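Reading through the structure tokens given below for one structure.
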Amino acid sequence: MSTKKIALRSLLIALALVFSYIEAQIPAFVAIPGMKLGLTNLVIVVALYKLSSMDAIVLNLIRVFIVGITFGNGVSMLYAMSGAILSFITMVLLKKFTSLHVVAISVAGGIMHNVGQILVAMMILESSKLLWYLPFLWASGIVSGAIIGIVSGLTIKRLPDIK
């Protein structure tokens, strides 16, 4: 493994942790709880395009674990992990099997992150009534996914290929 690849991996995980901390400090930008900007997804999307799917999932899982034990608890880690995994699987499949632009893939990831979290909430609370919340979260997933996708696309273009 090249030194550049190790350095990029280290930089991306550090950046994901910083973005997680920054996002935790930002009050909800709307009146609906649970809506976030998804800043850390920027790191995952860049890793998916500049490294490999395996690198990106490892970064994602490390980030969720470290953030969970540092800033959260077991339940918050469960929500984050479910959203991260479902979002990641969606983005990997779309990248591999379609010709969608990075913005569309990021939007799909944002939407599926919300789906993963709602599914876990429904299991924990044993209530399907939480489904009413999904359209609101999808709206935020679309907006934040588009913004993250645009910034990711610009970043991906500017980063050199690392072999």
Side-chain angles (χ1 to χ4, degrees), residues 1-29 34-117 119-120 137 140-163:
M1 179 181 319
S2 75
T3 305
K4 288 182 181 182
K5 200 171 199 177
I6 293 170
L8 182 57
R9 285 176 176 166
S10 301
L11 177 68
L12 290 175
I13 192 64
L15 194 56
L17 294 172
V18 169
F19 283 168
S20 291
Y21 177 75
I22 290 170
E23 194 164 52
Q25 302 308 308
I26 299 172
F29 57 93
M35 288 189 182
K36 297 203 175 219
L37 296 172
L39 295 175
T40 56
N41 201 41
L42 170 67
V43 173
I44 304 310
V45 173
V46 169
L48 186 60
Y49 279 84
K50 282 299 180 179
L51 295 170
S52 69
S53 296
M54 185 57 76
D55 287 326
I57 191 64
V58 168
L59 290 171
N60 212 358
L61 296 176
I62 289 171
R63 183 222 16 120
V64 169
F65 180 73
I66 292 174
V67 168
I69 62 172
T70 306
F71 308 123
N73 55 45
V75 176
S76 66
M77 198 182 315
L78 183 61
Y79 283 116
M81 190 67 73
S82 64
I85 290 171
L86 191 55
S87 170
F88 184 78
I89 290 169
T90 300
M91 291 190 298
V92 167
L93 291 174
L94 289 175
K95 181 179 179 280
K96 184 172 183 170
F97 296 112
T98 72
S99 59
L100 290 174
H101 190 271
V102 65
V103 175
I105 290 174
S106 178
V107 166
I111 291 169
M112 294 310 288
H113 186 89
N114 297 138
V115 170
Q117 291 184 322
L119 290 174
V120 167
L137 290 177
S140 78
I142 291 168
V143 172
S144 63
I147 293 167
I148 295 302
I150 291 166
V151 175
S152 295
L154 294 170
T155 304
I156 290 163
K157 285 181 186 175
R158 286 167 175 75
L159 281 177
D161 287 330
I162 308 268
K163 300 295 178 200

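Model, not experiment: these values are computed from the prediction.
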Could you tell me which non-hydrogen atom of [X] sits nearest to which non-hydrogen atom of [Y], and how far apart they are?
{"X": "S106", "Y": "N41", "answer": "OG-ND2, 4.0 Å"}
{"X": "G145", "Y": "V107", "answer": "C-CG2, 3.7 Å"}
{"X": "L59", "Y": "I13", "answer": "O-CD1, 3.4 Å"}
{"X": "G116", "Y": "L86", "answer": "N-CD2, 3.6 Å"}
{"X": "D55", "Y": "K5", "answer": "OD2-CE, 3.6 Å"}
{"X": "I150", "Y": "V103", "answer": "N-CG2, 3.7 Å"}

Nearest 0.5 Å, what's the [atom1]-[atom2] distance between [X] and [Y]?
{"X": "K50", "Y": "L12", "atom1": "NZ", "atom2": "CG", "value": "11.5 Å"}
{"X": "N60", "Y": "R63", "atom1": "CG", "atom2": "CZ", "value": "5.0 Å"}
{"X": "I57", "Y": "I44", "atom1": "CD1", "atom2": "CD1", "value": "8.0 Å"}
{"X": "M112", "Y": "L119", "atom1": "CE", "atom2": "CG", "value": "8.0 Å"}
{"X": "I147", "Y": "S152", "atom1": "CD1", "atom2": "OG", "value": "11.5 Å"}
{"X": "I69", "Y": "S76", "atom1": "CD1", "atom2": "OG", "value": "11.0 Å"}

- Message: Quick one, K4 with L8, criterion side-chain contact (heavy atoms from CB on, under 4.5 Å). Give me CA distance, side-chain angles, the key distance, then yes/no.
- Response: CA-CA 6 Å; K4 288 182 181 182; L8 182 57; over 6 Å; no
- Message: Checking V45 against V102 for the side-chain contact (heavy atoms from CB on, under 4.5 Å) test, could you report, in this order, the C-alpha distance in whole Å, the side-chain angles of both residues, the deciding distance, and whether it holds?
- Response: CA-CA 8 Å; V45 173; V102 65; 3.5 Å; yes
- Between V75 and V120, does a side-chain contact (heavy atoms from CB on, under 4.5 Å) hold up when you go through it step by step? CA-CA 10 Å; V75 176; V120 167; over 6 Å; no
- Are the side chains of Y49 and L159 in touch, meaning some heavy atoms are under 4.5 Å apart?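 Of all side-chain heavy-atom pairs linking L159 with Y49, none is under 4.5 Å.
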- Query: Do E23 side-chain atoms and G38 backbone N/O form a donor-acceptor pair below 3.5 Å?
  - Reply: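 Yes: the side chain of E23 pairs with the backbone of G38.
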- S87 side chain vs A84 backbone, donor-acceptor pair below 3.5 Å: no
- Among T40, I66, I62, whose side chain to side chain contact (heavy atoms under 4.5 Å, CB included) with L17 holds? I66
- Between M91 and L48, is a side-chain contact (heavy atoms from CB on, under 4.5 Å) present by the stated rule, with each step listed? CA-CA 9 Å; M91 291 190 298; L48 186 60; 3.9 Å; yes
